[in-house]
Amino acid sequence: MSDDHGQESWERRWTQVLAADAPAADRRHPNAHLLAEVADLPPGRALDAGAGHGSEALWLAARGWRVTAVDFSATALARARHRAERDGVGDRVEAIEADLGTWTPPAGRFDLVTCLYVHVAGSVTAAVRRLASGVAAGGTLLLVGHRPVDPSTGAPTRASGQTQVSVDDALAALDPERWEILVAEDRPREAAGSGVDAVVRARRRS
Ligand SMILES: C[S@@+](CC[C@H](N)C(=O)[O-])C[C@H]1O[C@@H](n2cnc3c(N)ncnc32)[C@H](O)[C@@H]1O
C-alpha cells in the first residue's frame, strides 16, 4: 500500500483535521449520493466501509438504521462514536477498527453495504466482492468512487494517484445472476465542486 493512502497516513490526517477544528469537520454534510440512493430504503442493518468520522453513519442511524462503521483510523472512529453518543444514537452505531484490504464482513449480514471514496490498495474486483458478500438477499450495495481525473478538464482530482472503484470495475465484479444493477453511472461531483464520481447501486437477488 502506498504511504499516501495507508493506515498511518490516514490516522495522521484525521488527527490533524480533528485537532484543527473538529466541529467544522463535523459540519460536513453527509454524502449526496448516499442521500439520493438510500433515502427510499427501509432501515435495517448497514455497513459503512471506510466510514471516517461518521457523517454518513450518523445520518443512517438518525433514520433508524443500525450501523457498523469500519475504518482503519482509530481517531476517526473515536470521533464517530463521540458524535453518535452526543446525538443520542450511540446504541445504533458500532465502530470496528479494521483494514478493508483484508477485513471481510459477516456473510449476508447487512441490508445495506456502502463504501464511499475509499482507495483500494489491492484487487478492486476482490474488494468489491468482499464487500458484496456482506449484503443480505434483497439488500443493497452502494459503491462510490471519485475518479482520479476530471473528464471535463483533464485535470487531476483530489483522488489523483488513488484507485477507487469505477463503474466498469464494479460491474465486472458483480455476477448479474445474483445482482440487479439499479444504478451504474458517472455523475458530476457537484457537492465537491468538480470532478466525477462513479456511482453503483445494486440489489442482491439471492
Ligand atoms: C476519503 S475518506 C472517505 C470517508 C467517508 N466515507 C466519506 O465519504 O466522507 C476515506 C476513509 O477511508 C478510510 N480508509 C482508507 N483505506 C482504508 C482501509 N484499507 N481500511 C479501512 N479504512 C480505510 C480512511 O481512514 C478514511 O476515513
Side-chain angles (χ1 to χ4, degrees), residues 1-20 22 24-38 46-61 65 67-84 93-105 110 112-131 134 141-148 156-166 169 187 189-201:
M1 179 180 287
S2 131
D3 281 343
D4 279 355
H5 315 304
Q7 191 275 338
E8 283 181 17
S9 166
W10 270 109
E11 178 60 16
R12 210 169 30 246
R13 218 175 299 183
W14 276 118
T15 301
Q16 285 166 359
V17 165
L18 295 175
D26 292 351
R27 282 194 292 275
R28 183 181 66 69
H29 293 296
N31 182 267
H33 304 302
L34 179 80
L35 270 57
E37 300 302 331
V38 168
L47 167 65
D48 186 2
H53 74 324
S55 296
E56 287 71 32
L58 260 66
W59 182 84
L60 288 164
W65 291 82
V67 188
T68 300
V70 174
D71 205 288
F72 62 12
S73 166
T75 298
L77 286 179
R79 187 71 189 173
R81 284 286 315 144
H82 167 80
R83 297 171 74 193
V93 177
E94 174 194 25
I96 296 181
E97 187 182 334
D99 186 343
L100 295 166
T102 51
W103 185 81
T104 303
F110 298 99
L112 169 67
V113 171
T114 186
C115 184
L116 310 171
Y117 305 130
V118 176
H119 167 70
V120 180
S123 155
V124 179
T125 303
V128 170
R129 289 188 179 152
R130 260 197 315 277
L131 291 170
L141 177 67
L142 177 65
L143 304 172
V144 177
H146 190 183
R147 310 307 299 134
T157 69
R158 279 192 298 166
S160 174
Q162 297 187 40
T163 302
Q164 298 199 9
V165 72
S166 69
D169 288 337
R187 289 184 184 162
R189 196 166 194 254
E190 282 157 11
S194 70
V196 162
D197 285 341
V199 181
V200 174
R201 175 181 173 186

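Remember, predicted model here, so these are calculated numbers, not experimental data. In this chain, numbering begins with 1 at the start of the sequence shown. Each ligand, and each atom within it, is numbered from 1 in the order the structure gives.
Here Arg28 has side-chain heavy atoms under 4.0 Å from ligand 1, and that is the only part of it that gets that close.
Side-chain atoms of Ser166 and Asp169 include a donor-acceptor pair closer than 3.5 Å. For Thr75 and Arg79, the side-chain atoms include no donor-acceptor pair closer than 3.5 Å.
Looking only at distances, a side-chain donor or acceptor of His119 sits under 3.5 Å from a matching main-chain atom of Thr163. A donor-acceptor pair under 3.5 Å is formed between the side chain of Arg83 and the backbone N or O of Asp26. Arg81 contributes a side-chain N or O that, together with a main-chain N or O of Val93, makes up a donor-acceptor pair within less than 3.5 Å.
Residue contacts with ligand 1: Ala51 is placed with no nitrogen or oxygen under 3.5 Å of a nitrogen or oxygen of the ligand (distance criterion only). Polar contact with ligand 1: present for Gly50 (N/O pair, distance under 3.5 Å). Residue Ser73 has no nitrogen or oxygen atom sitting less than 3.5 Å from a nitrogen or oxygen atom of ligand 1, judged on distance alone. For ligand 1, one of its N or O atoms has an N or O atom of Asp99 under 3.5 Å away. Considering backbone and side-chain atoms together, Leu100 places an N or O closer than 3.5 Å to an N or O of ligand 1. Polar contact with ligand 1: absent for Asn31 (N/O pair, distance under 3.5 Å). Considering backbone and side-chain N/O atoms, Trp14 comes within less than 3.5 Å of an N/O atom of ligand 1. The distance criterion of under 3.5 Å between nitrogen or oxygen atoms is not met by Val70 with respect to ligand 1.
Ring geometry for Tyr117 against His146 counts as perpendicular: the plane angle is over 60°, on a 0 to 90° scale with 30° as the lower cut.
Remark: ligand 1 atoms within the under-4.0 Å shell around heavy atoms of Val118 are 12 (O), 15 (C), 16 (N). Remark: ligand 1 atoms within the under-4.0 Å shell around heavy atoms of Gly52 are 27 (O). Near Ala98, the atoms of ligand 1 lying under 4.0 angstrom from a non-hydrogen atom of the residue are 20 (N), 21 (C).
Salt bridge present: Arg28 and Glu56 bring a charged side-chain N and a carboxylate O closer than 4.0 Å. A salt bridge does not link Arg147 with Asp197: every distance from a Lys NZ or Arg NE/NH1/NH2 to an Asp or Glu carboxylate oxygen is 4.0 Å or more.
Note that CH2 of Trp10 and OG of Ser73 are 9.0 Å apart. Values are rounded to the nearest 0.5 Å.
Distances from atom 16 (N) of ligand 1 to the heavy atoms of Phe72, Trp103, Tyr117 put Phe72 nearest.
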